[in-house]
Amino acid sequence: MEPIEADEVLDQLNKRYNMNIKRKNFRMEGALDTIGEHYVGVSFVSEQFNKEFSFLIKIDLREKKEVV
């Protein structure tokens with residue numbers, strides 16, 4: 001399994017929650033490469049509020065099922 005990178009997490013946050021966070025303002029604490037449930041710290045700088053926000057996100061990595 002390849003590690004999950006910050007860009008992938010950011011894309012999902014922006015798509016699911018319409019957060020409009022820019023890549024240059026986003027940071028994730030480490031990459032994930034093991035199957036299971038993980039809580040990861042992320043932060044971003046809001047240009048609108050001129051403030052840094054930090055929070056935990058839950059990431060549930062599962063094995064990909066092979067298509068026969």
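We count residues from 1, following the sequence as given.
- No continuous path of hydrophobic side-chain contacts links Tyr17 to Leu56 [ILVMFWY only; heavy atoms under 4.5 Å].
- Annotation for Glu52: atom CD counts as buried by contact number, over 12 foreign heavy atoms lying within 6.0 Å.
- Residues Phe55 and Tyr39 do not share a hydrophobic cluster, defined by chaining ILVMFWY side chains whose heavy atoms lie under 4.5 Å apart.
- The CD1 atom of Ile21 sits 12.0 Å away from the CZ atom of Arg27 when rounded to the nearest 0.5 Å.
- In this structure, CG on Asn20 lies 11.5 Å from CG on Leu13, to the nearest 0.5 angstrom.
- Lys51 meets the side-chain contact (heavy atoms from CB on, under 4.5 Å) test with Phe49, Phe53; sequence neighbours excluded.
- By the rule that hydrophobic residues join a cluster once side-chain heavy atoms approach within less than 4.5 Å of another member, Val45 and Val40 end up as members of separate clusters.
- Of the residues Asp11, Ile4, Leu10, the one that meets the side chain to side chain contact (heavy atoms under 4.5 Å, CB included) test with Glu8 is Ile4.
- Using a 4.0 Å cut-off between a side-chain N of Lys or Arg and a carboxylate O of Asp or Glu, Asp60 and Lys58 do not qualify as a salt bridge.
- Residues Thr34 and Leu61 have side chains not in contact (no heavy-atom distance under 4.5 Å, counting atoms from C-beta outward).
- Pairing each heavy atom of Arg62 with each of Ile35, the nearest pair is CA-CG2, 4.3 Å.
- A side chain to side chain contact (heavy atoms under 4.5 Å, CB included) with Phe44 is found for exactly one of Met28, Met19, Lys22, namely Met19.
- Between Gly36 and His38, the shortest heavy-atom distance links the atoms O-CD2, 3.3 Å.
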